Amino acid sequence: MSLCTDVAATFTSRLGLSADGVWSAPGRVNLIGEHTDYNAGLCLPIALPQRTYVAARRRLDRRLRLWSGQADEPVDVQLDEVAPGHPGGWGSYVSGVLWALEEVGHPVGGLDLVVDSEVPVGAGLSSSAALECAVASAVADLFELDLTADDGGRAALAAVCVNAENTIAQAPTGGMDQAAAMRSREGHALLLDCRDGSVEHVPFEPETRGLALLVVDTRAEHSLVDGQYAERRASCEQAARELGVTSLREVPAEQLQEALTRLDDPVVRARTRHVVSEIARVEQSVEALRRWRIRELGEIFDASHASMRDDFEISCPELDLAVDTARAHGAVGARMTGGGFGGSAIALVPWGDEDEVGEAVVEAFEDAGFRTPRYFAVDASGPAGRDA
Ligand code: GLA
């Protein structure tokens, strides 16, 4: 049985009546452009085939009753009690979306909801954004908010989800993950410009070029609610302040060296070097992708990983080993993806070599005494929407 029919069946057995519908949203991997979103920069995610499904039914009161296949305890909360840090845990990502919709003046109300997910939690594949965006799609349709039909509405829903995550779940993330889940297109990477919110769909079908995109989930724990992510964000904001610009996006790559001489703190300098050079690498990657210059793309991926490892300091031994092993076994390019400090890496590998490269990583992890990683090939998939 697919997860879509599964959540609908679970809903009926728990509540004794059927859901109004089922909605889903994808996880994501970012091809390149890491920690650039909250610097008003560029990034290039794709939506994953793995999705989070919600079966939901509108209520006439303001109660939220939520069940999850990933959690033992249901959440039962009044919409008017939703606040920063409350109800906490996974329930914050769901109830935060309804809260954030009301913040921008959309009339919503109570909900019964069952969620289940194929997106691994804590793997840096945006399980939180997938959950928020599946819920946002459901609520927008159930309360007839007219926000799911076009990209403008979808961009507004993505912004609502970011506010839910920042304010109620209290994770100070940027907007890439929610944009990927709401605004992606199948067979395309999403070039997102976080300065003005505009998007471009860049064709991305590696199999037509004899390549596959491999995701390696290192299973090294990753969390965005701990201090490291916020600390990186604060350094970038400090750099922008000291340079007298509204964001690091305003520092052109050609002026990077000069800008660095104006920053005293060596750590802030290194963080700045990463962000400004990474934004330039997104532009270079899009060029290389449009012409399918694979060797060039591989070199850009390598440079991106080195920048995250050495300047932004968000890699970890597991991610470095996954990337180095994939490269040594024929990947044309590999890099960590997402927030960092654990989570997943991606590798572009010759089509048909996915298992060979994946198994090489598994073996290297075993030798190093790390947890057994998971790996799987992915296609660029479709955005959030209604399934049933
Ligand atoms: C996490 C955040 C995103 C983005 C990435 C790093 O996934 O949720 O907003 O900052 O890290 O690129």
Side-chain angles (χ1 to χ4, degrees), residues 25-48 50 52 92-93 96 119-133 155 158-184 189-195 197 199 215 217-218 220-237 247-249 271 274-279 281-282 285 301 304-305 307-309 311-316 319 335-346:
R28 65 96 190 90
V29 284
N30 188 19
L31 296 182
I32 195 156
E34 228 64 80
H35 287 258
T36 52
D37 57 355
Y38 56 79
N39 288 296
L42 302 169
C43 52
L44 191 67
I46 62 165
L48 292 177
Q50 287 83 357
T52 295
S92 281
Y93 296 94
V119 185
V121 172
L125 301 174
S126 290
S127 56
S128 320
L131 176 56
E132 291 151 12
C133 293
V160 159
C161 292
V162 175
N163 192 15
E165 179 154 335
N166 290 170
T167 309
I168 303 302
Q170 300 184 299
T173 52
M176 167 172 74
D177 309 339
Q178 294 78 5
M182 287 304 315
R183 304 173 73 189
S184 288
L190 184 80
L191 174 58
L192 172 67
D193 186 331
C194 300
R195 181 156 57 188
V199 295
V215 176
D217 169 9
T218 64
E221 286 297 328
H222 137 114
S223 167
L224 295 173
V225 231
D226 73 9
Q228 291 286 349
Y229 185 95
E231 194 264 337
R232 295 303 182 281
R233 194 167 175 160
S235 294
C236 294
E237 283 159 8
S247 73
L248 287 182
R249 175 68 181 282
R271 306 296 190 243
H274 166 71
V275 171
V276 175
S277 63
E278 182 79 351
I279 293 170
R281 280 189 291 271
V282 177
S285 299
F301 274 25
S304 171
H305 187 78
S307 175
M308 291 187 285
R309 184 190 57 214
D311 277 345
F312 219 61
E313 296 183 285
I314 54 172
S315 191
C316 64
L319 284 167
R335 58 187 289 284
M336 57 148 282
T337 185
F341 315 105
S344 296
I346 53 169

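Residues take their numbers from the sequence shown, with the count starting at 1. Every number for a ligand or one of its atoms is a count from 1 in the order of the listing. All values reported here derive from a predicted model rather than from experimental measurement.
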So Leu125 and Pro120, do their side chains get closer than 4.5 Å, heavy atoms only? yes

When you compare the side chain of Val275 with that of Phe312, does any pair of heavy atoms fall below 4.5 Å? yes

Indicate yes or no: does an N/O atom of Asn30 lie under 3.5 Å from an N/O atom of ligand 1? no

Based purely on interatomic distance, does Tyr229 place a nitrogen or oxygen under 3.5 Å from a nitrogen or oxygen of ligand 1? yes

Is Arg28 touching ligand 1 with its side chain, its backbone, both, or neither, if touching means heavy atoms under 4.0 Å apart? side chain

Check contact between Arg232 and ligand 1, using heavy atoms of the residue and a distance below 4.0 angstrom. no

Are any of the heavy atoms in Ser126 under 4.0 Å away from ligand 1? no

Establish, from distance only, whether the side-chain atoms of Ser277 and Arg281 form a donor-acceptor pair under 3.5 Å. yes

Distance-only polar pair, side chains of Ser307 and Asp311, donor-acceptor under 3.5 Å: no

His305 meets the ring-ring contact (aromatic ring centres under 6.0 Å, His included) criterion, sequence neighbours left out, with none

Using the salt bridge (Lys or Arg N to Asp or Glu O under 4.0 Å) rule, collect all pairs that involve residues 335-345, keeping only residues at least two apart or in two chains. Glu34-Arg335, Glu278-Arg335

Arg183 side chain to Leu190 main-chain N or O, any donor-acceptor pair under 3.5 Å? no

Show which atoms of ligand 1 fall inside a sub-4.0 Å distance from at least one heavy-atom site of [X].
X: Met176; result: 4 (C), 5 (C), 12 (O)
X: Asp37; result: 3 (C), 4 (C), 9 (O), 10 (O)
X: Gly174; result: 9 (O)
X: Gly338; result: 6 (C), 11 (O)

